[in-house]
Amino acid sequence: MAKPKLTPEQQRYQNKVKKAEPKPDYLRNALLAFVSGGLVCVLGQALTDFYTIIMQVPPKEAANPATATMILIGALLTGFGVFDKLAKYAGAGLAVPVTGFANSVVSAALEFREEGLIYGVCAKMFTLAGAVITFGVMTAFVFGLIHAIFH
Amino acid sequence: MGKKTGKQTYHFANPPVVISTGTVAGPLEGQGPLHADFDEILTDSRNNEKTFEQAERSLLTKACQLALDHASCSTTEVDLFLAGDLLNQIISSNFTAGTLGIPFLGLYGACSTAALGLALGAMLLDGGFAGTVLTATVSHNSTAERQYRFPTEYGAQRRPYQQWTVTGAGAALLGYDRPGPKITAVTFGKVIDLGSTDPLNMGAAMAPAAADTIRQHFADTGWDPNAFDLIVTGDLGIIGLDLCRQELAESGLHLGENFTDCGVMIYDLQKQDVHAGGSGCAASALVVYGHLYRRFQRQEIQRLLLIGTGSLHSTTSVQQGESIPCVAHAVRIEA
């Protein structure tokens, strides 16, 4: 991914491009992400409370069914074609929580359905989410190792 | 070499006529300001096909049939079919060529394909190698997004300088002995690469290529830019158009109100959520074969310079961090 070295003429033009590119409205995006991300977390907490209080799941384990439900919601919203419209405004507020992970998997699975169940859906489902899984597994391994050594 | 003028321009001794055109626009394009000048507008971008790829080729086939029907011409009367699109191995054009059964020359010029097809078709005709040529191109938002960017339902925020791939197809029938605007000169562009690596800002990447070809066209022909009713680039979008204008002004070529861009014309940039404008092969095909062709017929314009712009990157080259090679071809059309 190393950027190719620019000639002076290319450098001159790229400086001009940088000036011409309108910047995204960072403040608005950050505020919308903060509010929508917060709402997603409130929903997650409500689900956790629902599983502990109503379904009698032990508090330590209630996060698991809550997360699964959030994934289901994210997947359904993607399937109904609503997720991308919400994400347009919410941005990181929907992308960072587990809902974003669900969206990346389901959108890819939907997109490649026509290429068959095995090589289409199953293989390409993780084209976007693969990096998240790799980093997740790697991080879990490293922290598991640290945990094992110091305890 | 009697037909070559200057370094990159060719004049036609016997200028070929754009006999007829056919255009099919997608739903969003059909809500845009030029909707009245398209032959057909889709209500559903899948066009009752099983996949978006099949929809794309159905649009291309339909546009070709419309162009042939408008001239009451059958496929057997056409000598050559010149077509291209954005998908890998120009697959939509390959299938459409199979359906039409006309000897086929596949083109790859990315979004410059409409201009490239007109220019090459005109050369084949003026050279006496063909009597009638059909040229066409297509792009589809959903197939292009999948191939070049993200799945359609993926919730990515679009950049303010990003462009929207136009869904649509356009075809033009070129030949002789019929009324219609004529292709009088073409300028083939060099590949220009000023170091842009961001495929989301293709307008900026392509602007120097457009500027280079425009500069060369005027240098070769000695014409005054004010002699044209319109000078339109293919799909630079609003940011690319501005950069192109700046680049030209810095080299002493000041273009006025008659200089615009098909990607800017095809949508209402204030009301339609397309950010910097349209892109894709169909941007210039729909605007030129649809809107501007009808303006020629209504005698509202007499002289047009189309500069088709193409961003010639691949997904692999971009992922490997390479810069984007771009090209632009100019076609002069006169009433």
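To find a chain, count down the sequence lines: A is the first, B the second, and so on, and within it residues start at 1.
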Problem - Structural part of L128(A) lying under 4.5 Å from a heavy atom of chain B - result: side chain
Handout entry: Nearest heavy-atom neighbours spanning G237(B) and D261(B)
Key = N-OD2, 2.9 Å
Completion exercise
N201(B) and E21(A) have their tightest heavy-atom pair at ND2-OE2, 2.7 Å
Handout entry: Carboxylate-amine/guanidinium contact R12(A) E9(A), below 4.0 Å
Key = yes
Handout entry: Most chain A-contacting option - heavy-atom pairs closer than 4.5 Å, from D242(B), T51(B), D198(B)
Key = T51(B)
Practice task
Could you check which of Q11(A), E114(A), K88(A), K16(A) has the highest count of heavy-atom pairs closer than 4.5 Å to chain B?
Solution key: K16(A)
Exercise for the section: Answer with side chain, backbone, both or neither: which region of A20(A) has an atom nearer than 4.5 Å to a non-hydrogen atom of chain B? Expected result: both
Practice task
With a 4.5 Å cut-off on heavy-atom pairs, point out which of R159(B), E250(B), E53(B) contacts chain A the most.
Solution key: E250(B)
Practice task
Assign the ring pair F52(B) / H140(B) to parallel, tilted or perpendicular, where the plane angle (0 to 90°) is split at 30° and 60°.
Solution key: tilted
Practice task
Keeping the roles fixed (side chain from S284(B), backbone from C262(B)), state whether a donor-acceptor pair exists under 3.5 Å.
Solution key: no
Exercise for the section: Please determine, by modelled atom types, if T187(B) and Q216(B) share a side-chain donor-acceptor pair under 3.5 angstrom. Expected result: no
Fill in the blank from the handout: Turns out that what part of L94(A) lies under 4.5 Å from chain B's heavy atoms comes down to neither
Handout entry: Max heavy-atom pair count under 4.5 Å with chain A, selected residue of R158(B), K50(B), E153(B)
Key = E153(B)
Fill in the blank from the handout: So, the part of E247(B) with a heavy atom under 4.5 Å from chain A: the answer is both
Exercise for the section: Could you look at N29(A) and say if it's the side chain, the backbone, both or neither that has a heavy atom under 4.5 Å from chain B? Expected result: side chain
Handout entry: Q163(B) and D235(B) side chains, donor-acceptor separation under 3.5 Å
Key = no
Practice task
Sort D193(B) into side chain, backbone, both or neither according to what part of it lies under 4.5 angstrom from a heavy atom of chain A.
Solution key: both
Exercise for the section: Check each atom of K23(A) against the heavy atoms of chain B and say whether the ones under 4.5 Å are side chain, backbone, both or neither. Expected result: backbone
Handout entry: Sub-4.5 Å side-chain heavy-atom contact between P225(B) and L255(B)
Key = yes
